[in-house]
Amino acid sequence: MENTKGSLDTLVALSKRRGFIFQSSEVYGGFAGFWDYGPLGCELKRNIKDLWWKSTVRLREDVEGLDASIIMHPAIWKASGHLDTFSDPMSMCRSCKKLIRADQIWDIFEDGDIKPALEAVLGDAGKIANWCKGRGRSLAVNLFAIAQAETQLPKIFDRLAACKDAKELYTLLASPDPDALVLACPHCGGEMTEPRPFNLMFKTVVGPIEDPANAAYLRPETAQAIFAQFNNVLSTSRQAVPFGIAQTGKSFRNEVTPRNYTFRSREFEQMELEFFIKPDEAVELLCGKVTTLTDNPDISGDPQPDWGWEVWHKYWVEQRKAWIIQAGLPQSSFVEYWQKADELAHYARACVDIQYAFPFGVQELEGIAARSDFDLTQHQKHSGKSMEFFDEPLKLAVKNLSDEQRDAFRAKTVIAWQAAGKDEAAANAFIDKLFEGRYIPHVIEPSAGVDRMALALMCEAYEEEKLTDEKGKEDIRTVLHFSPAIAPIKVAVFPLVKNRPELYEKAREIFKGLRSRWFTFWDESGAIGRRYRRMDEAGTPFCVTVDFQTLEDGTVTLRDRDTMQQERISLADLKAKLETAIG
RNA sequence: GCGAGCGUAGUUCAAUGGUAGAACUCCAGCCUUCCAAGCUGGUCACACGGGUUCGAUUCCCGUCGCUCGCUCCA
């Protein structure tokens, strides 16, 4: 049997044909970056989320759930850094790769005579109109926006975007110095890319008044809500660090290029866990040592109090890999990529990407980041509210130390912090707090995409099987090998033929009995083989067929999707059998 | 965001300056005692908006969408 995985195109076609995923707003021509999940797709997504929630929250004593609002106080995005970095036009230096806010470059230009000169030229609407004639629309829009000279000047970005064109315009109008309009990096003098609007967040207005002061954003990640509600969850849940807060929900990013089917969508769903841990210094004071990866600790069992952040991070990487395998991606189908030091975000100590081999390339499915205390520190700074955790055992442990031991600890810690580039005062402030039993927890963040997981599971499950029957006739069977836990339809019930009332009635009775427990599908039309194949394309693991023997001895045939084998099983045993297989 | 190509039923393909055919799918009926293939009938398409024209699915322009390459991806 020679089987193939099929291309992304064949998967997309099946996905539409069977009702997994539709293009958003299709009747109006579609809407790039947005997708709708049909009857089977929404079951699939629901099953993925349920499986995640069960393993992350329900089965763990140390994780609590949260379901926060999508639109939150804009100050959250100020604190998190999203607003500063990604809502302004940015320009990147081609040499030193530094990202610089476009208005900062503009400020540099203000030193010279570029700005007034440019504005003078651009202000001549008649010249611009002539020049724009026959040129690209976006260019004309940009230049006219500037030329219109409304009471408010157009946004700085619009002006800067026109710089390249303005240079040409300068030349055309015999400007004294067109070269002056080349954007130069203020750090190294290198060439800057054209400014781009990094407004990755969707902006909206809260309240009926259309005023910039009422601007708010759709969340670009679910994580920040968890940090913002850290204190509330902590104080109402009887948890203590280490513990986690989990959330699933929609997030929104104004992606520049939504491509590869649902992989990079502008609206997507995340499953995020923020797991709060003690800083290593606190672990050391409590346990007298910090277990690191070089100690080769056993991370397959319950977490241990002496684990440092490295071990916690590795622990969650392994937890997440186990879950992904459970969901139906074999170990061989994904890779664990440890980001190099220069790839890490400035606040991250380590980050592992779980990458799946999609048909369009090996791409990130989930990230597990060690984010230090960056997020809670930011929110403490911006909100003015303490994000510290009071660790009573820590306070007691410190109390039991001698003055010499405390001094030695302080000296050692200050040196370590200085080696990490932080100043002595910060180290001492941290140690003072620590000695009182207070610290800002660090965090390990496993962050997974529901849509990416659904797509990966569909890609992995998809197979075109070449079958040859006993007469030697070849046939291709398209089948989705979903694991029973995530399969949208768990079981289908068929009457072997539909024009025998007694058979039909018996099958309906069995169908209704199963439906109360699992998502069960009923199909009575066409040849039995055709019905089996329909269910293969939907990924339904089991089909129950009611035939004449059922009426005599109370047995049915149970057909397995993957092996296509059938077994006769008594109705009395059917539910127990399915319970074992599906769960 | 830039450049190139593409856009006809759910899918794969036709034809055409005079409003479109097929196969498979799907639906209904018949037949049918277990793996899509029998019979009969049926539903369903020119992405959207302008322009040229007596008339546009066809030619032109724009928008939207898709694919590829660049760019981007906190």
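Quick note on labels: first sequence line is chain A, next is B, and so on, each numbered from 1. Computed from heavy atoms alone, side chains included, the values below leave out hydrogens, waters and symmetry copies.
Of the residues A:His82, A:His379, A:Gln229, A:Arg219, the one that meets the side-chain hydrogen bond (donor to acceptor under 3.5 Å, both in side chains) test with A:Gln224 is A:His379.
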For nucleotides 26-32 of chain B, just jot down a letter per nucleotide in 5' to 3' order: B, S or -, based on protein non-hydrogen atoms under 4.0 Å.
SS-S-SB

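Judged by Watson-Crick or G-U wobble contacts below 3.5 Å, the nucleotide B:G65 has B:C6 as its partner. Remark: B:C26 base-pairs with B:G42. Criterion, Watson-Crick or G-U wobble with two distances under 3.5 Å. The nucleotide B:C70 finds its pairing partner in B:G1, both defining distances of the Watson-Crick or G-U wobble pair being shorter than 3.5 Å. The partner of B:C31, taking Watson-Crick or G-U wobble pairs whose two distances both stay under 3.5 Å, does not exist in any strand shown. Nucleotide B:G55 is matched to nothing when pairs are restricted to Watson-Crick or G-U wobble geometry with both distances under 3.5 angstrom.
One cannot find a donor-acceptor pair under 3.5 Å joining the base of B:C48 and the side-chain atoms of A:Tyr28.
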Pairs of donor and acceptor atoms involving the side chains of residues 530-547 of chain A, under 3.5 Å and at least two apart or interchain, shall be tabulated with distances.
residue  : atom : partner  : partner atom : Å
A:Arg531 : NE   : A:Gly526 : O            : 3.1
A:Arg531 : NH1  : A:Pro495 : O            : 2.7
A:Arg531 : NH1  : A:Asp523 : O            : 3.2
A:Arg531 : NH2  : A:Pro495 : O            : 3.4
A:Arg531 : NH2  : A:Leu496 : O            : 3.1
A:Arg531 : NH2  : A:Gly526 : O            : 3.0
A:Tyr532 : OH   : A:Thr545 : OG1          : 2.7
A:Tyr532 : OH   : A:Gln566 : OE1          : 3.3
A:Arg533 : NH1  : A:Asp475 : OD2          : 2.8
A:Arg533 : NH2  : A:Asp475 : OD2          : 3.1
A:Arg534 : NH1  : A:Asp523 : OD1          : 3.4
A:Arg534 : NH1  : A:Asp523 : OD2          : 2.7
A:Arg534 : NH1  : A:Ser525 : O            : 3.3
A:Asp536 : OD1  : A:Arg477 : NH1          : 3.3
A:Asp536 : OD1  : A:Arg559 : NH1          : 2.7
A:Asp536 : OD1  : A:Arg559 : NH2          : 3.4
A:Asp536 : OD2  : A:Arg477 : NH1          : 2.8
A:Asp536 : OD2  : A:Arg559 : NH2          : 3.0
A:Glu537 : OE1  : A:Arg17  : NE           : 3.4
A:Glu537 : OE1  : A:Arg17  : NH2          : 3.4
A:Glu537 : OE1  : A:Arg18  : NE           : 2.6
A:Glu537 : OE1  : A:Arg18  : NH2          : 3.0
A:Glu537 : OE2  : A:Arg17  : NH2          : 2.8
A:Asp547 : OD1  : A:Gln549 : N            : 3.1
A:Asp547 : OD1  : A:Thr550 : N            : 3.2
A:Asp547 : OD1  : A:Thr550 : OG1          : 3.1
A:Asp547 : OD1  : A:Arg568 : NH2          : 3.0
A:Asp547 : OD2  : A:Arg568 : NH1          : 3.0

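Taking A:Arg452 as the reference, nothing meets the salt bridge (Lys or Arg N to Asp or Glu O under 4.0 Å) condition, with sequence neighbours excluded. Annotation: side-chain hydrogen bond (donor to acceptor under 3.5 Å, both in side chains) contacts of A:Ser383 (sequence neighbours excluded): none. Take A:Lys16 and apply the salt bridge (Lys or Arg N to Asp or Glu O under 4.0 Å) test, not counting sequence neighbours, and it matches A:Glu26. With sequence neighbours left out, A:Tyr37 forms a ring pair (Phe, Tyr, Trp, His ring centres under 6.0 Å) with no residue at all. In this structure, the side chain to side chain contact (heavy atoms under 4.5 Å, CB included) partners of A:Ser483, at least two apart in sequence or on a different chain, are A:Ala485, A:Ile486. By the salt bridge (Lys or Arg N to Asp or Glu O under 4.0 Å) test, A:Glu364 is found to be paired with no residue, residues two or more places apart in sequence or in another chain being considered. Under the side-chain hydrogen bond (donor to acceptor under 3.5 Å, both in side chains) criterion, A:Lys498 pairs with no residue at all, not counting sequence neighbours.
Annotation: B:C66 and B:U8 have their P atoms spaced 14 Å apart (nearest Å). On the P atoms, B:G41 is 27 Å away from B:C34, given to the nearest whole Å. Remark: the separation of the C1' atoms in B:U58 and B:G17 is 7 Å, to the nearest Å. To the nearest whole angstrom, the two C1' atoms, one in B:C73 and one in B:G5, are 25 Å apart. Going from the C1' atom of B:U19 to that of B:A56 covers 9 Å, rounded to whole Å. Across the P atoms, B:G51 and B:G65 are found 23 Å apart, a figure rounded to whole Å. Only the P atoms considered, B:C6 is 37 Å distant from B:G42, to the nearest whole Å.
A residue-by-residue look at A:Arg264 and A:Lys16 shows that A:Lys16 has its nearest nucleotide of RNA chain B further toward the 5' end.
Atom CZ in A:Arg477 sits about 12 Å away from atom C1' in B:A36, given to the nearest Å. Protein atom CG of A:Asp560 is 13 Å distant from nucleotide atom C1' of B:C35, rounded to whole Å. Note: CG (A:Asn254) to C1' (B:C72) measures 12 Å, nearest angstrom. Following rounding to the nearest Å, A:Met564 (CE) and B:C35 (P) show an atom-to-atom distance of 9 Å. In this structure, A:Leu14 places its CG atom 15 Å from P of B:U25, rounding to the nearest Å. Atom CZ in A:Arg533 sits about 5 Å away from atom P in B:A36, given to the nearest Å. One interatomic measurement links the two molecules: CD of A:Glu26 to P of B:C48, which rounds to 12 Å at whole-angstrom precision.
Listed in residue order, the members of residues 550-559 of chain A having a heavy atom less than 4.0 Å from RNA chain B are A:Thr557, A:Arg559. A heavy atom closer than 4.0 Å to some atom of RNA chain B occurs in no member of residues 442-457 of chain A.
Side-chain contact check for A:Phe230 versus A:Leu376: some heavy-atom pair is nearer than 4.5 Å. Taking the side chain as every heavy atom from C-beta outward, A:Glu502 and A:Phe548 approach each other to under 4.5 Å.
Using a 30° and 60° split on the angle between ring planes, A:Phe374 and A:Tyr347 fall in the parallel class, below 30°.
Among the nucleotides B:A36, B:C35, B:U11, the one closest to the side chain of A:Glu537 is B:A36.
With hydrogens and angles left out, the side-chain atoms of A:Thr222 and A:Glu272 include a donor and acceptor closer than 3.5 Å.
At distances below 3.5 Å, not a single donor-acceptor pair connects side-chain atoms of A:Lys490 with backbone N or O atoms of A:Leu578. With hydrogens and angles disregarded, a donor-acceptor distance shorter than 3.5 Å links the side chain of A:His313 to the backbone of A:Ile368.
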Could you list the protein-to-nucleotides 65-69 of chain B atom pairs, N/O on both sides, closer than 3.5 Å?
residue : atom : partner  : partner atom : Å
B:G65   : OP1  : A:Ala32  : N            : 3.1
B:G65   : O4'  : A:Gly29  : O            : 3.1
B:G65   : O3'  : A:Gln23  : NE2          : 3.1
B:G65   : O2'  : A:Gln23  : NE2          : 3.1
B:C68   : N4   : A:Arg259 : NH2          : 2.9
B:G69   : N7   : A:Arg259 : NH1          : 3.4
B:G69   : O6   : A:Arg259 : NH2          : 2.8

